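Below: one structure, written as structure tokens.
Just so it is clear, the model here is predicted, and its values are computed rather than measured. Counting from 1, the numbers follow the sequence of the chain as shown.
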Amino acid sequence: MSKTTDNKYKKLFMGLLFDGIGMLSFAIPLIGDFSDIIWAPLAAWLMTRMYKGKVGQGAGIITFLEEIIPGLDVIPTFTIMWFYTYVFKKSAQKTTIEV
């Protein structure tokens, strides 16, 4: 595997881990929502470090909102961002080049 491929799958693993951590607040009713006060800004910061540029900053804002708003923790924003970056965005680029 190339270094780019290794990094791609490392980001997928880390994203799944971070999404799992974000969903842990459902494990402890009521108390878990208070943990989001700490996790939301941390998750947003992690997102901006994993994905650089304006796309990463936008994803960081969305991640923060998703984590801070009670009940939205089930949305796997890190995994969605990985699919956007490595599946949807790449297929859109291939389509643009072929035209």
CE-CD distance between M47 and Q57, expressed to the nearest 0.5 angstrom: 13.0 Å

L65-F34 co-clustered via ILVMFWY side chain contacts under 4.5 Å: no

T77 side, atom OG1; E67 side, atom CD - distance, nearest 0.5 Å: 6.0 Å

L24 and W39, any side-chain heavy atoms less than 4.5 Å apart: no

Nearest-0.5 Å distance that lies between atom OG1 in T63 and atom CZ in F18: 11.0 Å

Shared hydrophobic cluster for I61 and L72 (ILVMFWY, side-chain gaps under 4.5 Å): yes

Nearest atoms (heavy-atom pairs only) where A59 meets M81: CB-SD, 3.8 Å

From L17 atom CG to L12 atom CG, the distance as rounded to the nearest 0.5 Å: 11.0 Å

CE on M14 to CG on N7, rounded to 0.5 Å: 11.0 Å

Linked, directly or transitively: I38 and M23 (ILVMFWY side chains, under 4.5 Å): no

Closest heavy-atom pair and its distance - A44, G60: CB-O, 3.2 Å

Common cluster, I62/W45, ILVMFWY with side-chain heavy-atom separation under 4.5 Å: no

Under the ring pair (Phe, Tyr, Trp, His ring centres under 6.0 Å) test, residues paired with W82 that sit two or more places apart: Y86

G56 versus T48, closest heavy-atom pair with distance: O-CG2, 3.5 Å

Cluster overlap F83 with L16, hydrophobic side-chain contacts below 4.5 Å: yes

Spatial distance of atom CZ (F64) from atom CG (D36) [nearest 0.5 Å]: 10.0 Å

